Amino acid sequence: MCAVVLAAGEGTRLRPLTERVPKALCPVGNVPLLDRALARLAGLGLTGPARVAVNASYLAGQVVRHVGHRAHLSVEPDGPLGTAGGVAKLRDWIDGRGVLVGNADAYLADPARTPGPDIAALLHDWDGETVRLLGQPAPDPAAPGTFDGRAFTGFSLLPWRRVRELPVEFGDLVRTVWRPAEAAGELSVVPYAGTFYDTGTPADYLAANLHAAGGGTLVDPGAVVTGRCREAVVGAGAVVRGDVTRAVVWPGATVHSGEHLRDAIRAGTDLTVGVGQPPRPGASSMSDDADERRTVP
């Protein structure tokens, strides 16, 4: 068994935050999403460059530096190859093994289990031939993008025989692997009992951070807070002198005295991405749609 963390995407729906860092490195609960994925794999005993690979394309240099020697790195220099193409480019490294594929932007949390054991059912008694997806009941079981009435929640398990024929070109696993396996009666969905956000939109990203804070306020010890924080996540080196409510303050960011940051993400000193309205520098949002969830993979 080996594992691949997909971290090549541009994160277009999170712009302009992702103009500064790739989506995989956006922090949730003051931990980069990519580190959360690697920690989950470590909880399954999958560590090191022989067993874990990370792909990178958009702002690849940041991902490469962040991963270092913790995993095998696959760089896609001409643009992201998609979920299928990214796995295909790693075919020689996978080399006959079954592969657990995880999306770096998937936030998962199960109060009953630690990361790793929380998705262990995906691997339990696997026959090495079928495709498995981690999933949760979809609000609309018949909606496009669902599998057996469930929505995909970030991790899939693929047999070598379905990986070895993938072309190294842009493509997605939904059309090239999952749907063909479903049509052949060779796909199953393993339920995930915890909380999932794909963090692809500002609303979901904010909601994941607030969940990681446990309904309270999470402040890095390296932050300076003299203002008021309620239901917020404040990163290392951040300075908060104003009021922050239901918001994320990135590492090194500033909330000035007299500011009221609500339902928003602050990066640096000049960028605020509000939930539910177009982002604009120096502004904050009053929206309350942070619990919106994307269910279509």
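None of these values were measured; they are calculated from a predicted model.
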Under 3.5 Å donor-acceptor, [X] side chain and [Y] backbone:
X: T217; Y: E231; answer: yes
X: R113; Y: A193; answer: no
X: T153; Y: L134; answer: yes

Atom [atom1] of [X] and atom [atom2] of [Y]: how far apart are they, to the nearest 0.5 Å?
X: M1; Y: I94; atom1: CE; atom2: CD1; value: 11.5 Å
X: R246; Y: D263; atom1: CZ; atom2: CG; value: 5.0 Å
X: L166; Y: L81; atom1: CG; atom2: CG; value: 11.5 Å
X: L17; Y: Y205; atom1: CG; atom2: OH; value: 7.0 Å
X: L59; Y: L25; atom1: CG; atom2: CG; value: 9.0 Å
X: D35; Y: R70; atom1: CG; atom2: CZ; value: 4.5 Å

Would you call the rings of W178 and F147 parallel, tilted or perpendicular, taking 30° and 60° as the class edges? perpendicular
Positive for side-chain contact (heavy atoms from CB on, under 4.5 Å) with V54, one of L73, V75, L90: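 Output: one option passes, namely L73.
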Kindly determine whether R15 and T18 satisfy side-chain contact (heavy atoms from CB on, under 4.5 Å), including the steps that lead there. CA-CA 5 Å; R15 287 176 179 166; T18 48; 3.5 Å; yes
From CA spacing to verdict: salt bridge (charged side-chain N to carboxylate O under 4.0 Å, His left out), R20, D270: CA-CA 12 Å; R20 303 190 176 197; D270 61 342; 3.1 Å; yes
Compute whether any side-chain donor of one residue and acceptor of the other, for Y107 and H211, lie under 3.5 angstrom apart.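 Yes - a donor-acceptor pair under 3.5 Å links their side chains.
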Output, in order, the C-alpha distance, side-chain angles, deciding distance and verdict of side-chain contact (heavy atoms from CB on, under 4.5 Å) for V240 and V219. CA-CA 10 Å; V240 177; V219 179; over 6 Å; no
K23/D198 under salt bridge (charged side-chain N to carboxylate O under 4.0 Å, His left out): CA gap, chis, key distance, verdict: CA-CA 11 Å; K23 181 167 60 171; D198 78 352; over 6 Å; no
Take N103 and F152 through the test side-chain contact (heavy atoms from CB on, under 4.5 Å) and record every step on the way to the result. CA-CA 11 Å; N103 294 346; F152 174 63; 3.5 Å; yes
Is it possible for you to say whether [X] and [Y] belong to one hydrophobic cluster, with membership spreading through side-chain heavy-atom contacts below 4.5 Å?
X: V168; Y: Y58; value: no
X: V239; Y: V225; value: no
X: F170; Y: V177; value: no

Is the number of heavy atoms from other residues, nucleotides or ligands within 6.0 Å of CZ (R241) greater than 12?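 No, the 6.0 Å shell around CZ holds no more than 12 heavy atoms from other groups.
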Crowding at CZ, R175 (>12 non-hydrogen neighbours, <6.0 Å): no
To which residues is V31 joined in a hydrophobic cluster, defined by side-chain heavy-atom contacts under 4.5 Å among Ile, Leu, Val, Met, Phe, Trp and Tyr, whether direct or through other members? none
Are R36 and D118 within salt-bridge range, i.e. N to O under 4.0 Å? no
Verdict with supporting geometry, S74 and W93, side-chain contact (heavy atoms from CB on, under 4.5 Å): CA-CA 10 Å; S74 175; W93 176 84; over 6 Å; no
Only one of H260, R230, R228, R262 passes side-chain hydrogen bond (donor to acceptor under 3.5 Å, both in side chains) with T245; say which it is.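 Going through the options one by one, the only one that passes is R230.
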ring-ring contact (aromatic ring centres under 6.0 Å, His included) partners of F155, counting only residues at least two apart: none
